[in-house]
Every structure is written in structure tokens, then in C-alpha cells.
Amino acid sequence: WSFLMRGEAVSCSLRPRLGPPAGSTQPKPGLGARQPFFSSHRGPRRTKSMLLTRARMLQIEQETFSRGIPADVLMETIGAKLARFVSQFFPRPGLVVCYAGKGRNAGDALVAARHLAVLGWRVLVRSPFSRDDFAALTRDKFDALHSSLLPGPFRPSTPQDGPLVQLDALVGLGAQG
């Protein structure tokens, strides 16, 4: 995950932890045990995030599903956590622009946008894809948001009242090419 807040780029990983390192006797935490890793940089890059390869992230996601956690529950949990994360930085609502691909990463962002809308945020959704191109679960999350896709480039026509947050969910683990 990454998003832009008033010129400061923030990356955030909210996928659940699978548990302690191999050989540890500690019990595995549940879905809610994950705290977000994030990095924030302004000027010279300061990295505090955990880096994972695409293959490792796919493995973690598959292990999460094999533990019986459905994709819908995972998406709702991640989206709610992302909305809380944004709210911690910006307690006063503003405008959130969600740049959505067509897979589960977009679904996570759409859930976050739905939660932010309940908190009073204005929500705009941008995507190079039509609603019909979205994966089924992502389409359900888009429909639950009660928004529409904006055609053309985003150009605010009036001064913003409150913060502007951009959620980048264009490319996820399933991206190819």
C-alpha cells in the first residue's frame, strides 16, 4: 500500500502476520494481531518498512487463506485498518482519491474509502478499468461504496477543505506484464 499525504509519501503494509519465526514455540497471532508497518519519507529517504518479495507475499496470502480466512474477511479487515491509519494522521475529514486497479488490492482501498466516507470524507474513485473489468469481490466492494468512476484526469476545480489523501491501489500481487 502507498498513499500520498500533502507531499509526504507513506507506504503501509497491513497484511496479517503469520506468526513467529520458524522453530519458535510462541502461538501464532490471529488476524487482528498485525500492526501496520509503515515508512514515511520527506526529503532524504528514511525507510522503516519490512520488504517482501512478490513471491513471499503471495505465499503469506495463500497461507492466510489456507488458515480459513476468506478473502472477503481479509479485505474488510485490511480496508478498516487502512482507514484507521489515515484517520490517525488526519482526524479532520477531507478528500480521498482512490486509484483502483481491478484486483484485491483495489478492493482493500475501496473498503478503506467506504470507511472514510462514513467518517465524513469525500471519496473519488479513479481507475483505468470499467466496473465490469473488476474482479467479482472488488466489484462488490465498489458497489458497496456507492461511488462512480471518474473519467479523465483528476483536476480539483475548487480549493480543498481539509486534507487530500490519495490511495494507490492500481497494482497488486496479481499484476503481470
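Just so we're clear, the structure is a prediction, and the values are computed from it rather than from any experiment.
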Side chain to side chain contact (heavy atoms under 4.5 Å, CB included) between L124 and S147, worked out: CA-CA 7 Å; L124 301 175; S147 184; over 6 Å; no

Intermediate values then yes/no, side chain to side chain contact (heavy atoms under 4.5 Å, CB included), R114 and H146: CA-CA 8 Å; R114 187 184 75 226; H146 303 292; over 6 Å; no

CA sep, side-chain torsions, deciding dist, call: V125, L145, side chain to side chain contact (heavy atoms under 4.5 Å, CB included): CA-CA 10 Å; V125 179; L145 180 58; 3.6 Å; yes

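Across all their heavy atoms, A83 and L116 have their closest contact at O-CD2, 3.7 Å. The minimum heavy-atom distance between L170 and P128, with the atom names listed, is CD2-CD, 3.6 Å. Scanning both residues, A71 and F65, for their nearest heavy atoms gives CA-CE2, 3.6 Å. Minimum heavy-atom separation, A135 to G103: CB-CA, 4.5 Å. A pairwise comparison of heavy atoms in L82 and A112 identifies CD2-CB, 3.7 Å as the closest pair. Here the closest heavy-atom approach between residue C98 and residue L110 is recorded as SG-CD2, 4.0 Å.
The shortest side-chain heavy-atom distance between W121 and L95 does not fall under the 4.5 Å cut-off. With contacts defined as side-chain heavy-atom distances shorter than 4.5 Å, the pair L137/M75 qualifies. Residues V96 and P163 fail the side-chain proximity criterion, which asks for heavy atoms closer than 4.5 Å. Contact annotation: the side chain of V97 never approaches that of L167 to less than 4.5 Å [non-hydrogen atoms, C-beta and beyond].
Note that OG of S127 and OH of Y99 are 11.5 Å apart. Values are rounded to the nearest 0.5 Å. To the nearest 0.5 angstrom, K102 atom NZ is 9.5 Å from S130 atom OG. For the atom pair CD (Q59) and OG1 (T53), the distance works out to 8.5 Å, reported to the nearest 0.5 Å. Remark: R84 CZ to L119 CG distance equals 10.5 Å, nearest 0.5 Å. Going from atom NZ of K141 over to atom CG of D72 covers 3.5 Å, rounded to the nearest 0.5 Å. From R104, atom CZ reaches atom CD of E61 across 4.0 Å, with rounding to the nearest 0.5 Å.
Partners of D143 according to the salt bridge (Lys or Arg N to Asp or Glu O under 4.0 Å) rule, which considers only residues two or more places apart in sequence or in another chain, are R131.
At distances below 3.5 Å, not a single donor-acceptor pair connects side-chain atoms of T138 with backbone N or O atoms of F134. Using a distance-only test at 3.5 Å, with no hydrogens or angles considered, no donor-acceptor pair links the side chain of D108 to the main chain of I78.
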